[in-house]
Amino acid sequence: MKQLYVEQQNGKLSCAVMDGASLLSWQEETTSAQSEQIYLAKADRVMKVMEAIFVRLTKDQNGFLPYSECKEKPLSGQPVLVQVKKPPIGEKLPYCTMDISIAGHYAILTPFSNKIAVSSRITDSEEVERLRSLGKEIAPENMGLILRTESTAAPPDEIKAEVQKLLDKWHALCKKAASACAPCLIEEKEPLLSCILRDEKGGFEKIITNLSEFPFAVSCPVQHVENPFSLANVQRKLEKSLSRKVYLPCGGYLIIDPTEAMTVIDVNSGKFTGKKSGTESSFLALNREAAKEIARLLRLRNIGGIIIIDFVDMQTEESRAAVLEAMQNACSTDTAKTVLHGFTSLGLMEMTRKKTGSALHTTSPCPHCKGTGLKEEFL
């Protein structure tokens with residue numbers, strides 16, 4: 001069962017999700033433009049040739065909006081309501097959309113779409129049909145809904161009540177935008193701690209924090225300590241997980257290289273000395289262990305986009321299928337959407353992971369790891 005460590009230092013809140021001794025994620029609140037934030041932006045430069053509209057989100061922050069998203073093409077200086085879909089990464093501007101969505105625990109309201117959808121993580125056909133029928137029944141008129149994974153175990157009345165709250169939130173947001181002066185922030189991203197409690201599948205066994213009062217009602221015990229991260233050795237675990245070379249318990253290791261276009265991961269046997277070392281079965285065991293660790297590191301580092309994995313060579317389709325299944329199982333608990341595209345003709349596994357924020361790497365100081373050499377880079 002997972003534990004949530006919440007620590008506030010110098011006014012900044014950081015959260016670490018642990019599964020036993022394994023660090024699954026580390027996140028820190030930030031003031032930069034984040035996914036889900038909604039702005040009454042001002043069209044700055046309309047560039048038809050580039051199929052782009054550059055919008056001003058705030059006095060100091062610009063964003064990119066695809067020209068194709070605007071049914072009525074705005075002129076320079078006109079206000080436009082947008083939501084950040086992808087936060088700024090390196091020199092890239094925040095990627096914005098006019099297809100605004102309001103997320104809840106069980107459902108996501110899409111005011112500008114009438115489509116009813118069900119989370120792709122729900123694979124039971126009868127359950128998908130049940131939720132789709134429920135969505136059609138409770139969706140506000142001329143609006144769409146996406147039923148999330150958590151909706152499978154929720155009473156219909158509880159989902160319906162949440163949808164009404166999302167609708168009320170949307171109406172309040174529209175009222176605020178109608179009286180606002182562009183450019184300005186209309187709706188802040190939900191607080192980090194609230195998002196973690198909302199999105200983490202299965203909940204937590206315990207929460208360990210140095211907050212004097214925990215700001216949310218939870219069903220698990222809350223333990224108050226002075227230094228939660230030190231108690232779980234979070235800094236050291238984070239440092240080891242963000243190295244370019246990450247060792248596996250079996251003696252093998254991973255090499256992780258981020259590039260502009262994709263992230264490349266190489267699996268090496270290293271000092272692996274499993275049973276019948278050098279055989280197909282030993283390579284399969286190594287690759288299965290690597291798959292589990294790769295899934296953890298993708299989430300911890302918040303790596304998004306295209307990911308290419310070079311596993312240790314296997315000779316049979318059965319072995320490759322087993323590794324693919326291991327990877328699917330390991331990614332099933334990820335809070336971000338992952339899609340596995342299988343092995344290429346060169347034996348490389350292709351996959352994608354939804355970009356939900358800046359990726360962690362190793363080049364600038366991390367405030368929680370002073371003196372350890374750990375660094376952080378926003379790719």
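What you are looking at is a predicted structure, and each value in this text was computed from that prediction instead of being measured.
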**Request:** Could you list the residues that satisfy side-chain contact (heavy atoms from CB on, under 4.5 Å) with Lys165, not counting sequence neighbours?
**Result:** none

**Message:** Holding to side-chain contact (heavy atoms from CB on, under 4.5 Å), I want the full list of residues that pass it with Ala180, two or more places apart in sequence or in another chain.
**Reply:** Leu40, Cys184, Ile186

Count the heavy atoms of every other residue, nucleotide or ligand shown that sit under 6.0 Å from [atom1] of [X], and state whether that count exceeds 12.
X      : atom1 : answer
Phe343 : CZ    : yes
Lys85  : NZ    : no
Leu231 : CG    : yes

**Message:** Show, in sequence, the C-alpha distance, side-chain angles and deciding distance for Gln164 and Glu162, and conclude whether the side-chain hydrogen bond (donor to acceptor under 3.5 Å, both in side chains) test is met.
**Reply:** CA-CA 5 Å; Gln164 183 59 51; Glu162 182 184 82; over 6 Å; no

Are [X] and [Y] close enough that some pair of their side-chain heavy atoms sits under 4.5 Å apart?
X      : Y      : answer
Leu173 : Ile38  : yes
Ile309 : Val264 : no
Arg130 : Leu147 : no
Ser14  : Tyr5   : no
Cys174 : Lys176 : no
Met98  : Leu81  : no
Lys240 : Arg236 : yes
Leu193 : Cys15  : yes

**Request:** Tell me, with the steps shown, if Met349 and Val323 meet side-chain contact (heavy atoms from CB on, under 4.5 Å).
**Result:** CA-CA 10 Å; Met349 182 181 286; Val323 173; 4.2 Å; yes

Return each pair, listed once, that meets ring-ring contact (aromatic ring centres under 6.0 Å, His included) where at least one residue sits in [range]; pairs must be two or more places apart or across chains.
range            : answer
residues 158-203 : Phe112-Trp170
residues 317-341 : none
residues 125-167 : none

List, one per line, each side-chain donor-acceptor pair under 3.5 Å for residues 101-111, sequence neighbours excluded.
from	atom 1	to	atom 2	distance (Å)
His105	ND1	Arg198	O	3.0
Tyr106	OH	Glu158	OE2	2.6
Thr110	OG1	Gly144	O	3.1

**Asked** When you look at Leu254 and Val267, which way does the side-chain contact (heavy atoms from CB on, under 4.5 Å) test go after all the steps?
**Response** CA-CA 5 Å; Leu254 310 173; Val267 181; 3.8 Å; yes

List the residues meeting salt bridge (Lys or Arg N to Asp or Glu O under 4.0 Å) with [X], not counting sequence neighbours, and say none if there are none.
X      : value
Asp266 : none
Glu188 : none
Arg288 : none
Lys245 : none

**Asked** side-chain contact (heavy atoms from CB on, under 4.5 Å) between Phe283 and Phe311: does it pass, once the steps are laid out?
**Response** CA-CA 9 Å; Phe283 293 152; Phe311 285 100; over 6 Å; no

Shared ILVMFWY cluster between [X] and [Y], side chains joined below 4.5 angstrom?
X      : Y      : result
Ile307 : Met327 : yes
Leu75  : Val55  : no
Ile256 : Tyr253 : no
Met351 : Ile265 : yes
Phe204 : Leu24  : yes

**Asked** How are the rings of Phe64 and Phe54 set relative to one another: parallel (under 30°), tilted (30 to 60°) or perpendicular (over 60°)?
**Response** perpendicular

**Request:** Quick one: do Arg320 and Asn287 satisfy side-chain hydrogen bond (donor to acceptor under 3.5 Å, both in side chains)? Show the steps, please.
**Result:** CA-CA 9 Å; Arg320 282 186 280 272; Asn287 285 336; over 6 Å; no

Please check this pair: side chain of [X] against backbone of [Y], looking for a donor-acceptor N/O pair closer than 3.5 Å.
X      : Y      : result
Asp334 : Ala336 : yes
Arg45  : Ser76  : no
Thr259 : Thr263 : no
Thr152 : Thr149 : yes
Asn268 : Gly270 : no

Determine, for [X] against [Y], whether the closest basic-nitrogen to carboxylate-oxygen distance falls under 4.0 angstrom.
X      : Y      : result
Lys160 : Glu137 : no
Arg148 : Asp199 : yes
Asp44  : Arg56  : yes

**Message:** Run the side-chain hydrogen bond (donor to acceptor under 3.5 Å, both in side chains) test on Gln37 and Tyr39 for me, step by step, so that the C-alpha distance in whole Å, both residues' side-chain angles and the decisive distance to 0.1 Å come before the verdict.
**Reply:** CA-CA 7 Å; Gln37 288 188 166; Tyr39 293 84; 2.7 Å; yes

**Message:** Ring of Tyr67, cation from Lys73 - is the NZ or CZ under 6.0 Å from the centre and inside 45° of the axis?
**Reply:** yes

Show me, pair by pair, the donor-acceptor contacts under 3.5 angstrom made by side chains of residues 292-300, not counting sequence neighbours?
from	atom 1	to	atom 2	distance (Å)
Glu293	OE1	Arg296	NE	3.1
Glu293	OE2	Arg296	NH2	2.8
Arg296	NH1	Leu23	O	2.6
Arg296	NH1	Ser241	OG	3.3
Arg296	NH2	Ser241	OG	3.0
Arg299	NH1	Glu200	OE2	3.4
Arg299	NH2	Glu200	OE1	2.5
Arg299	NH2	Glu200	OE2	3.0

Would you list the atom pairs, donor with acceptor, under 3.5 Å between side chains in residues 209-220 and any protein atom, with sequence neighbours excluded?
from	atom 1	to	atom 2	distance (Å)
Thr209	OG1	Val6	O	3.1
Thr209	OG1	Leu211	N	3.0
Asn210	OD1	Gln8	N	2.9
Asn210	ND2	Gln8	O	3.1

**Message:** Test side-chain contact (heavy atoms from CB on, under 4.5 Å) on Glu129 and Leu134; report intermediate values, then the result.
**Reply:** CA-CA 9 Å; Glu129 194 55 42; Leu134 176 63; over 6 Å; no

**Ser319 vs Glu280, side-chain hydrogen bond (donor to acceptor under 3.5 Å, both in side chains): CA-CA, chis, key distance, verdict** = CA-CA 8 Å; Ser319 293; Glu280 182 80 357; 2.8 Å; yes

